[in-house]
Colleague: 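My questions will all concern the structure given below.
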Number of protein chains: 2
Amino acid sequence: MSTEKQTSLTIGRTAKQAGVTIDTIRFYEHRGLLPMPQRTANGYRLYPPETVSRLHFIRRAKGLGFTLDEIHTLLKLQDMGGAKADVKALTEHKLKQIEIKITDLQLMQDALRKLNTQCSGTGNVSNCPIIETLTVNSLPNSDNSSTE
Amino acid sequence: MSTEKQTSLTIGRTAKQAGVTIDTIRFYEHRGLLPMPQRTANGYRLYPPETVSRLHFIRRAKGLGFTLDEIHTLLKLQDMGGAKADVKALTEHKLKQIEIKITDLQLMQDALRKLNTQCSGTGNVSNCPIIETLTVNSLPNSDNSSTE
DNA sequence: CTTGACCCTAGACCCTAGTCTAGGGTTTAA
DNA sequence: TTAAACCCTAGACTAGGGTCTAGGGTCAAG
């Protein structure tokens, strides 16, 4: 019942609130995804509450197929207060990646919906190609390789 | 001199056309993502051209954050000619996953667009929170007892 | 008939993204 | 004052998803 506002969290509390483990936090710090936190006199890490949001962001970005390195660059966009040109270039690159991902997911969605309605009736499921939706319809070719 | 259409491809050709390595193909076969192919008399694998599409599909699905196991179930949806009930349940589950991914990507997109237009001018980049877009707006975190 | 480009298997190896010890210090409630 | 419940570092270990090597067969061209 402490009435004082908690302005910083221990690693354990941060982890719990973010839904990750303590190890993951230390690992991300090591990787540069989390800034080096303040420390107490005895060496305990102290995190500002925003760290929880940052961790949420990382988790979900990972679920969208971004690697930690890619997420790092996304986070740097926010972190850097200068280097406007870099920001511009990076965001544009990321936006392209994201557009492709969205399109792909929508194509997959269409295919699954078809499977679900048209094809799950009494007909033959094998007439409903999921695969083609992502290969024939999209990306004419465009060598879509590097992820940074 | 054979101008006849190649109805099946060696592993090398398949790999090249799909943009993966030979090892990857064998690995996927091992994992059940690719059906066991025909073999020539001397044991060489022979793939139908559809295998290329299947491999494309796998690649892109991976890029969307699906694991090989998840992709396996997506592919099974297409492969299975029966078990309609399973198809229904699985597709519905996958559709939910996909919807979440799309929403997340759109939120990210919004954030980056803002960064790009509003924030890359002369202002302060740090006013443009990418992170919040994916944490505040989505996933109602029940555990969030913010005692202001 | 040999050289280079393919193919085969089995198993070792690698990178990413954590996860888990081992060994030790701190704080707090009973 | 001691046990639970935290925190620390360093380093070993794991799982997923490949990638590479060794050792060997096949085939087309020169």
Side-chain angles (χ1 to χ4, degrees), chain A residues 1-2 4 6 8-34 36-48 51-52 54-75 145-148, chain B residues 1-2 6 8-48 51-52 54-75:
Chain A
M1 266 241 195
S2 67
E4 11 177 342
Q6 278 276 92
S8 45
L9 305 163
T10 60
I11 195 170
R13 284 196 158 290
T14 308
K16 189 159 286 175
Q17 286 192 28
V20 301
T21 69
I22 288 177
D23 297 286
T24 301
I25 290 182
R26 289 199 273 246
F27 176 67
Y28 286 169
E29 179 184 323
H30 189 68
R31 280 301 203 80
L33 289 165
L34 292 179
M36 299 254 281
Q38 277 182 263
R39 301 278 187 144
T40 64
N42 52 42
Y44 288 16
R45 286 168 179 83
L46 279 183
Y47 292 100
T51 302
V52 175
R54 204 175 168 98
L55 286 166
H56 276 302
F57 176 84
I58 295 171
R59 257 186 27 167
R60 316 200 52 197
K62 272 197 322 124
L64 298 169
F66 292 101
T67 66
L68 290 188
D69 278 358
E70 289 174 325
I71 294 167
H72 196 5
T73 71
L74 279 168
L75 288 171
S145 50
S146 88
T147 45
E148 161 123 355
Chain B
M1 56 184 72
S2 71
Q6 280 276 89
S8 46
L9 305 163
T10 61
I11 195 170
R13 285 196 158 288
T14 308
K16 189 159 287 174
Q17 287 193 28
V20 301
T21 69
I22 288 177
D23 297 286
T24 300
I25 290 182
R26 289 200 273 247
F27 176 68
Y28 287 169
E29 180 184 321
H30 191 67
R31 280 302 203 78
L33 288 166
L34 292 180
M36 299 254 279
Q38 277 182 266
R39 302 278 187 143
T40 64
N42 52 43
Y44 288 17
R45 286 167 179 83
L46 279 183
Y47 291 99
T51 303
V52 176
R54 203 175 170 99
L55 286 166
H56 276 303
F57 177 83
I58 295 170
R59 257 186 28 166
R60 316 198 54 197
K62 271 197 322 125
L64 298 169
F66 292 101
T67 65
L68 290 189
D69 278 358
E70 289 173 323
I71 294 167
H72 197 4
T73 72
L74 279 168
L75 288 170

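Sequence lines set the chain letters: A, B, ... in the order given, protein chains first and strands last, and positions in each chain run from 1.
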Colleague: Could you check if a side-chain atom of A:L55 sits within less than 4.5 angstrom of a side-chain atom of A:Y28, using non-hydrogen atoms only?
Modeller: yes

Colleague: Any non-hydrogen side-chain atom of B:L74 less than 4.5 Å from a side-chain atom of B:F57?
Modeller: yes

Colleague: Are side-chain heavy atoms of B:T14 and B:I22 found at a separation under 4.5 Å?
Modeller: no

Colleague: Do B:L64 and A:L64 touch side chain to side chain, with heavy atoms closer than 4.5 Å?
Modeller: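 The answer is no; the side chains never approach within 4.5 Å.
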
Colleague: Would you kindly give the CG-to-P distance between B:L55 and D:dG17, to the nearest whole Å?
Modeller: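 After rounding, the gap between these two atoms is 15 Å.
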
Colleague: Please report, rounded to the nearest Å, how far the C1' atom of D:dC7 is from the CD atom of A:E29.
Modeller: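 Taking atom C1' of D:dC7 as the reference, CD of A:E29 is at 13 Å.
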
Colleague: A:N42 and A:T40: side chain to side chain donor-acceptor pair (under 3.5 Å), yes or no, with the steps?
Modeller: CA-CA 5 Å; A:N42 52 42; A:T40 64; 2.5 Å; yes

Colleague: Give the residues of residues 20-28 of chain B touching DNA chain C, defined as any heavy atom closer than 4.0 Å, sorted by residue number.
Modeller: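 Output list: B:I22, B:R26.
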
Colleague: Which whole-number value in Å describes the distance from B:D69 CG to D:dG17 P?
Modeller: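 Nearest whole value for this atom pair: 6 Å.
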
Colleague: Side chains of B:Y47 and B:P37: does their closest heavy-atom pair fall under 4.5 Å?
Modeller: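 When only atoms from C-beta onward are counted, B:P37 and B:Y47 do touch, with a gap below 4.5 Å.
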
Colleague: First locate atom CZ of B:R45, then atom CE of B:M36, and finally report the distance between them rounded to the nearest 0.5 Å.
Modeller: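 The CE atom of B:M36 is 8.5 Å from CZ of B:R45, to the nearest 0.5 Å.
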
Colleague: Any side-chain heavy atom of A:L9 within less than 4.5 Å of one from A:V52?
Modeller: yes

Colleague: How long is the line joining CG of A:L46 and P of D:dC6, in whole Å?
Modeller: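 In whole Å, D:dC6 P and A:L46 CG are 16 Å from each other.
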
Colleague: On DNA chain D, does the nearest nucleotide to B:T40 precede the nearest nucleotide to B:I58 from the 5' side, or the other way round? Give the residue.
Modeller: B:I58

Colleague: Decide yes or no for B:L46 and B:I11: does some side-chain heavy atom of the first lie under 4.5 Å from some side-chain heavy atom of the second?
Modeller: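 When only atoms from C-beta onward are counted, B:I11 and B:L46 do not touch, as no gap falls below 4.5 Å.
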
Colleague: Using heavy-atom distances to pick each residue's nearest nucleotide on DNA chain C, tell me which of B:R39 and B:K16 is more 5'.
Modeller: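 Nearest nucleotide further toward 5': that of B:K16.
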
Colleague: Can you tell me how far P of D:dG17 sits from NZ of A:K62, to the nearest Å?
Modeller: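 Rounding to the nearest Å, NZ of A:K62 and P of D:dG17 are 12 Å apart.
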
Colleague: At the 4.0 Å heavy-atom cut-off to chain B, mark where contacts on DNA chain C begin and end, going 5' to 3'.
Modeller: C:dC6 to C:dT9

Colleague: How many Å lie between NE2 on B:H72 and C1' on D:dG17, as a whole number?
Modeller: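 Between C1' of D:dG17 and NE2 of B:H72: 15 Å.
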
